[in-house]
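Have a look at the structure below before the remarks.
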Amino acid sequence: MMIQETTVLWNRMAAKGYYRLGLAISGGFDHAQPGQFVMVRVGSDNQPLLRRPFSLLGLIREEGRVSGIEILFKVVGQGTEKLAGCRKGERLSVIGPLGNAFLVPDTCRQLILVAGGVGVPPIRFLAQSLLEREGGLDRCVVFIGGRTRDDLVCISEFDLPGFLLDISTDDGSQGNPGW
Ligand SMILES: Cc1cc2nc3c(=O)[nH]c(=O)nc-3n(C[C@H](O)[C@H](O)[C@H](O)COP(=O)(O)OP(=O)(O)OC[C@H]3O[C@@H](n4cnc5c(N)ncnc54)[C@H](O)[C@@H]3O)c2cc1C
């Protein structure tokens, strides 16, 4: 775990109210794993004062080393609103990787993953890592939920070999209706 100044590589709207933020890092994430998160200082004027936590959506690799991280966030308040305004080249202080990773034993060949809304980013990271694992997986069923279809983030990224995706929304705007 380390504290470092990162540089914004991109900050793109992924869906209504959701952004994908790519950050160039100087190091420290070579062993980062799905389920871990970072604490981001939003802006340089200490407004808001406290860092905000975001799960790792994935690692950016260049020539065999981890050169960046990606997060996906939903705009809900002061901090994420400010983060949505960040432009390429801006600097953001980040602490991480923090927290525990998901533990999936090597012997586990069939898996069920369940996530919804802003809980999807670490599950997307996990799905990708499991595929890259030696021997891969036999089968994985992924249940993704959201309040409405606008809250279904990253679903196309679960279109992976051996993966079966099952979608639900509270309002029934996509997939199984939640009533
Ligand atoms: C370990 C961890 C990992 C996370 N990973 C992700 C992730 O990958 N992606 C993601 O999008 N989020 C993630 N979150 C959630 C994310 O950290 C929060 O959404 C974020 O910190 C909100 O910051 P903010 O300043 O925008 O909102 P805040 O201003 O802190 O507000 C948060 C919530 O409180 C409400 N609120 C604010 N002020 C008031 C008030 N006065 N009265 C009533 N309600 C109020 C807001 O409407 C909002 O719903 C994660 C959280 C944790 C703990």
Side-chain angles (χ1 to χ4, degrees), residues 1-25 28-29 31-61 66 68-88 90-104 113-130 142-158 160 165 167-171 173-174 178:
M1 187 270 287
M2 61 190 276
I3 178 167
Q4 60 182 296
E5 286 295 316
T6 65
T7 306
V8 175
L9 294 169
W10 61 78
N11 192 17
R12 305 184 188 120
M13 194 182 271
K16 200 171 148 198
Y18 290 85
Y19 289 79
R20 287 175 81 125
L21 177 69
L23 298 169
I25 54 154
F29 281 81
H31 303 290
Q33 290 180 37
Q36 292 193 288
F37 66 98
V38 290
M39 295 293 293
V40 180
R41 168 155 293 144
V42 183
S44 52
D45 57 357
N46 283 344
Q47 286 298 325
L49 179 64
L50 299 178
R51 291 170 183 269
R52 301 301 197 244
F54 300 99
S55 303
L56 291 170
L57 172 69
L59 303 176
I60 302 161
R61 292 180 195 277
V66 177
I69 58 171
E70 194 177 23
I71 61 172
L72 185 148
F73 65 92
K74 180 179 184 179
V75 177
V76 295
Q78 189 193 4
T80 45
E81 227 161 69
K82 204 162 174 183
L83 205 55
C86 279
R87 299 276 169 267
K88 187 176 173 179
E90 272 184 51
R91 308 277 279 165
L92 288 176
S93 171
V94 164
I95 300 177
L98 298 164
N100 296 317
F102 297 119
L103 281 179
V104 182
L113 302 177
V114 184
V118 297
V120 173
I123 295 299
R124 181 267 195 182
F125 187 14
L126 178 63
Q128 212 110 43
S129 325
L130 290 170
V142 188
F143 292 94
I144 300 284
R147 286 187 186 169
T148 75
R149 60 183 309 160
D150 291 335
D151 297 300
L152 298 171
V153 289
C154 298
I155 50 174
S156 62
E157 288 163 60
F158 290 97
L160 302 167
L165 184 61
I167 293 169
S168 304
T169 47
D170 291 356
D171 66 358
S173 51
Q174 192 168 335

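We count ligands from 1, going down the list as the structure has it; atoms in each ligand are counted the same way. Side-chain atoms are counted along with the backbone in the values below, which use heavy atoms only and exclude waters and symmetry mates.
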Under 3.5 Å: donor-acceptor pair, side chain of Thr169, backbone of Arg149: no
Tell me whether Asn11 contacts the main-chain N or O of Ala84 through its side chain, where contact means a donor paired with an acceptor under 3.5 Å. yes
Of all residues at least two apart in sequence or in a different chain, which pass the ring-ring contact (aromatic ring centres under 6.0 Å, His included) check with Phe143? none
Between side-chain atoms of residues 31-38 and protein atoms elsewhere (two or more places apart, or another chain), which donor-acceptor pairs fall under 3.5 Å?
{"unit_1": "Gln36", "atom_1": "OE1", "unit_2": "Gln33", "atom_2": "N", "d": "2.9"}
{"unit_1": "Gln36", "atom_1": "NE2", "unit_2": "Gly99", "atom_2": "O", "d": "3.0"}

Can you list every protein residue that has a heavy atom under 4.0 Å from any atom of ligand 1, sorted by chain and residue number? Phe37, Arg52, Pro53, Phe54, Ser55, Leu72, Phe73, Lys74, Val76, Gly77, Gln78, Gly79, Thr80, Val118, Pro121
Got a donor-acceptor contact below 3.5 angstrom from the Lys82 side chain to the Gln47 backbone? yes
Taking salt bridge (Lys or Arg N to Asp or Glu O under 4.0 Å) as the definition, give me every residue that meets it alongside Lys88, ordered by chain and number, with sequence neighbours left out. none
